[in-house]
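As the structure lists them, so they are numbered: ligands from 1, and atoms in each ligand from 1.
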Amino acid sequence: MVDHGPRTGARVALTFDADMTDGMLASLRAGRVKSYANLRIIDLLEREQVPATFFLTGKWVKRYPDVTRRIAGNPRFELANHTYGHAAFTADCYDLPRLPVNELAGDVAKTFEVIAPYGGRQTRYFRFPGLCHDAAALDALAPLGVTVVDGDVVSGDPFATAWKPLVRAVLDHVRPGSVVIMHVTEANAAMTDEALPHILAGLRERGLVAAPLSEVLAGG
Ligand SMILES: [Zn+2]
């Protein structure tokens with residue numbers, strides 16, 4: 001289990017979670033929201049050739065196969081696992097629906113199976129929904145050989161109503177080896193694409209360089 005890489009060098013990891021629950025799918029179907037795939041984030045990262053790592057839920061991949069293909073097709077992007085349907089595996093994890101811990105390994109294995117056919121830079125990194133985990137949840141994952149990645153810089157982008165606080169939250173805490181947590185879920189994180197150019201500029205001012213998560217965790 002890791003929160004960040006070695007505090008040497010200049011690399012930091014920008015990570016984007018792609019949550020998807022049955023409730024979110026219902027909102028899409030009913031037209032209550034337009035999209036949970038923020039293409040402006042991907043456009044910007046591609047245009048500026050910025051590496052990033054995407055923690056994908058199985059249900060998001062199934063809803064957005066074309067976007068997943070685009071992510072997998074970028075050699076600067078890594079793909080990681082964020083459960084199948086963004087359920088919690090501990091009690092009191094925000095308002096997320098809960099799955100019993102004995103279903104965790106199967107859920108995570110199924111998610112890898114959904115992501116794997118897309119190829120690209122596949123990893124064995126895993127992030128718990130809401131970062132909620134305990135000893136039992138970690139034990140349950142041991143047979144899968146995953147690295148659980150929380151992150152040390154929380155942007156606070158879910159349900160944000162202004163972009164400036166996100167920029168401040170990231171730039172006030174980021175340092176070499178940091179793993180920054182953001183979301184690519186648009187309707188649930190509507191300010192992230194507006195904050196991102198300012199975050200990238202702030203990283204440059206601080207002499208920090210975005211890198212794929214595997215390279216940040218390896219250090220150097
Ligand atoms: Zn999440």
Name the orientation class of the two ring planes belonging to F128 and F89 (parallel below 30°, tilted from 30 to 60°, perpendicular beyond 60°). perpendicular
Mutual orientation of the aromatic rings belonging to W163 and H198 [parallel < 30°, tilted 30-60°, perpendicular > 60°]: parallel
Nearest 0.5 Å please: distance from the CE atom of M191 over to the CG atom of D157. 11.0 Å
Who are the side-chain contact (heavy atoms from CB on, under 4.5 Å) partners of A109, not counting sequence neighbours? L144
Below 2.8 Å, which protein N, O or S atoms neighbour the Zn ion (ligand 1), ignoring water? D19 OD1, H82 NE2, H86 NE2
Interatomic distance, CZ@F159 vs NE2@H183, rounded to 0.5 Å, equals 9.0 Å
Is there a chain of hydrophobic side chains (I, L, V, M, F, W, Y, each step under 4.5 Å between heavy atoms) that links L14 to L131? no
